[in-house]
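Comments concern the structure below.
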Amino acid sequence: MSSCNCHQLLSPLPLALPSSHSPPSLQTQPPPSIQKPTASPLTSKTPPKPTSPSRSTASWVDALRSRTRSNDFREAISTYIEMTVSGARPDNFAFPAVLKAVSGLQDLKTGEQIHAAAVKFGYGSSSVTVANTLVNMYGKCGGIGDVCKVFDRITDRDQVSWNSFIAALCRFEKWEQALEAFRAMQMENMELSSFTLVSVALACSNLGVMHGLRLGKQLHGYSLRVGDQKTFTNNALMAMYAKLGRVDDSKALFESFVDRDMVSWNTMISSFSQSDRFSEALAFFRLMVLEGVELDGVTIASVLPACSHLERLDVGKEIHAYVLRNNDLIENSFVGSALVDMYCNCRQVESGRRVFDHILGRRIELWNAMISGYARNGLDEKALILFIEMIKVAGLLPNTTTMASVMPACVHCEAFSNKESIHGYAVKLGFKEDRYVQNALMDMYSRMGKMDISETIFDSMEVRDRVSWNTMITGYVLSGRYSNALVLLHEMQRMENTKDVKKDDNDDEKGGPYKPNAITLMTVLPGCAALAAIAKGKEIHAYAIRNMLASDITVGSALVDMYAKCGCLNLSRRVFNEMPNKNVITWNVLIMACGMHGKGEEALELFKNMVAEAGRGGEAKPNEVTFITVFAACSHSGLISEGLNLFYRMKHDHGVEPTSDHYACVVDLLGRAGQLEEAYELVNTMPAEFDKVGAWSSLLGACRIHQNVELGEVAAKNLLHLEPNVASHYVLLSNIYSSAGLWNKAMEVRKNMRQMGVKKEPGCSWIEFRDEVHKFMAGDVSHPQSEQLHGFLETLSEKMRKEGYVPDTSCVLHNVDEDEKENLLCGHSEKLAIAFGILNTPPGTTIRVAKNLRVCNDCHAATKFISKIMEREIIVRDVRRFHHFKEGTCSCGDYW
DNA sequence: CTAGGGTTAG
């Protein structure tokens, strides 16, 4: 599936990336852990080189400072040692310089010794400059306790002391404390500098919209008032806005100042990527390249997720090529994982694996990307094998992401039978409270059909995010509990509206964790479709428009499907026409919709348009599913030769290989039209390795329509050999027998069915009324209006007889007398739902009913009469298609 | 004394 909607934003490829650039100095610095000495240089046994004793402190300090400045931290520390050994007294310039070097190396031990020396020489707290660098040093390589201890002892704190303290608190993610310190700083009437703003902005962005945005806006206002236009300040403010979901404010700020640097661009690109605005991320990346701004690893790691989500393999590959041309980039571990993710999300798992294999120091995040890549592509065994390899061979301990990535593979992998064990493993690792792990667990249990466990986890969660809600909703939809899904969506929206946000902060784009997003809507819409709950569906449509989610391809396609399945083909078409971007799925959904509504010609017309647009470089070209939808449409509209022609030409003209599903459709096409022999012939010409279940059941269904006992027996025999446990096969055969009056044979089929332990799914119909979906089972007496409904159907039955209605009892399996059969027919769920609709809605209202199985012959005949007598349009959607009853006729030609 | 990047739901 391609969900790209950025064609117009990107100019034609290639991107014209510069072929090389000088590496940024930060990137060439090896990670501190490699450089970390095993023993502190201060306690080293090897004596320092003899030096000239006559050197002055000032000359030592000059050397020391210049080494620190050029990032030669090791040399700087050596110089310091030589200096002390030579007897020169370090002063309040020497200590800051050497402490900076220590910070660069994250060498706490040396730092502590220098701290002691500083105290010894009288600079412990009396020199603000030294104390400030101590705060910094502990902030970078010590603990929060040391930071506070040093800071507390400074008697005459200056602005830098506060800035360093706040920055250190941020390093330890003590966001509230950072804000507290900021307030204390203001109480002491300290001036704020851009350093202050940057740190406080970072704290704000991590405090969430509720607690951070107000202050963040004030910081921005302050920077404007004092004319602070430093690039650093603006970058930090941009990042703050983006993190708080104000991407547009971030963008406006970006556009408002001139001294933009690489970080400004990187911030914008990652902000777009993180708020699902992938096309804008790519567009900004393009602009950045065009303006000749240097790119670094962060640029690449920020833009690749956009390529990944938009499935722009072409752009992704080009970026990969750029990475290969600039060797230092692949050393950035983020780039490696982003590349793996991009390839896997574009279904190029093997390419992803090659990237993975070529990276040497594999960090856990890289393993995670590869594992989730395998899992996402259904390569569950490979995901599990890699997971084991990571633990056993690479000796890495899984983190919460690893667990969340591997769990979907466990769920789908049949060879992995004891699925609960992964839950136990996660608990053992101490991840029980982790949101990601809990989300993955909920997904696992709902796919295992254990919704109760998912519910327990969901209820027990301390913090739920959007994914938690979406996972639960998906779980309900997957297990057919559509009403629960809708209730949960409602709850989610309620949480969104009641969140404790000040009035003027209520216009945030990203919203809190409870705000439904595109995925929420696209998961819940099939629920509306299944329930034929059009009122709810419209409500969701309105919500999508209000929240700018309607232009999303997945939401749009789900809306097209929902309207069609609720019986509103016109609305379905309108949504389709208004969609700015479409993909294969969008087209397939509408073609299918036309087919279900008996508009075969329109379906073919759409197919032709699709092919024509694909020829002009349009969004989508027909795939396997397209042909299935087209054949189904032809079948329902009796367009035999059109369907057959396409079937014979699909490979040659469109490059789509016929599958067993296509055969099943074409068998249905022929069979439904009464060409049973030809249909049978087609089944027999199917390649041997093809699964014939679909084809045989199409043929059996056709034999039921055309009452062909002989061929029906052949089809049923083959079918029951392949699938002895499917109730509908038995039911069809039994119905064929009873229509032909062969009651004994029908009874025998039923007996076989019982002996095989196969149970027929109970018939069930439902109808949306006011805010609820009312459900009726066959023979249902539990509905509050049950008595009324049965009474109504009885009097209606009288009137129908006068109009010429003759009950068709062929679908009643029980061998009871005819009167009894008629009673049973009256209890059919679709009749009950229709009666409910008539009794509860004003005259003339169209009645929309949905049923889980196919409408039975008798109900079909009866509904024609009902539509005429009651002067109602009645739309019944069964498992295959729509029946539009109007003035005594039905739009379909399948029943008589 | 300061900013930007990798995972989960479809």
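Per chain, numbering begins at 1; letters A, B, ... match sequence-line order. On a predicted model such as this, the values are computed, not experimentally measured, just so you know.
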**Request:** Give a yes or no on whether a donor-acceptor pair under 3.5 Å exists between the nucleobase atoms of B:dA9, that is its base, and the side chain of A:Asn517.
**Result:**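 Answer yes: a donor N or O sits under 3.5 Å from an acceptor.
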
**Request:** Record whether the side chain of A:Ser302 comes under 3.5 Å of the base of B:dG5 through a donor-acceptor pair of N or O atoms.
**Result:**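 No such pair is found, so the answer is no.
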
Separation of [N] [atom2] from [X] [atom1] (nearest whole Å):
X	N	atom1	atom2	answer
A:Asn206	B:dA3	CG	C1'	12 Å
A:Trp265	B:dG5	CH2	C1'	18 Å
A:Arg157	B:dC1	CZ	P	19 Å
A:Phe334	B:dG5	CZ	P	8 Å

Look at all strands and tell whether [X] reaches a base, only sugar-phosphate, or nothing, counting heavy atoms closer than 4.0 Å.
X	value
A:Asp261	base
A:Ala239	sugar-phosphate
A:Thr267	sugar-phosphate
A:Leu197	nothing
A:Asn439	base
A:Thr400	nothing

**Prompt:** What pairs with A:Asp380 under side-chain contact (heavy atoms from CB on, under 4.5 Å), at least two apart in sequence or on another chain?
**Reply:**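 Per chain and number, A:Asp380 pairs via side-chain contact (heavy atoms from CB on, under 4.5 Å) with A:Ala409, A:His412, A:Cys413.
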
Taking the side chain of [X] as heavy atoms from C-beta outward, which of [options] is closest to it?
X	options	result
A:Ala236	B:dT8, B:dG5, B:dA3	B:dA3
A:Asp443	B:dA9, B:dG5, B:dA3	B:dA9
A:Ser199	B:dA3, B:dT2, B:dG5	B:dT2
A:Val263	B:dG6, B:dA3, B:dC1	B:dA3
A:Thr471	B:dG6, B:dG10, B:dA9	B:dA9
A:Asn470	B:dA9, B:dG6, B:dT2	B:dA9

**Phosphate contact (B:dT2 OP1 or OP2) by A:Thr233 side-chain N/O below 4.0 Å** =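 Answer no for this pair, as no side-chain N or O of A:Thr233 is under 4.0 Å from OP1 or OP2.
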
**Message:** Does the plane of the ring in A:His309 sit parallel, tilted or perpendicular to the ring in A:Phe278? Use 30° and 60° as the thresholds.
**Reply:**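 Ring orientation of A:His309 relative to A:Phe278: parallel.
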
**Message:** Check the orientation of A:Phe387 and A:Tyr425. Use parallel for under 30°, tilted for 30 to 60°, and perpendicular for over 60°.
**Reply:**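 Aromatic pair A:Phe387/A:Tyr425 classed perpendicular.
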
**Item:** A:Phe254: partners by ring pair (Phe, Tyr, Trp, His ring centres under 6.0 Å), with sequence neighbours left out
**Value:**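 By the ring pair (Phe, Tyr, Trp, His ring centres under 6.0 Å) rule, A:Phe254 matches A:Trp265, A:Phe284.
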
**Prompt:** Between A:Asn132 and A:Asn163, does any side-chain donor sit less than 3.5 Å from a side-chain acceptor?
**Reply:**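 There is no such pair between these side chains.
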
**Asked** Under the criteria of a ring-centre distance below 5.5 Å and an interplanar angle below 30°, is A:Phe195 stacked with the base of B:dT2?
**Response**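 According to the criterion (under 5.5 Å, under 30°), no, A:Phe195 does not stack.
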
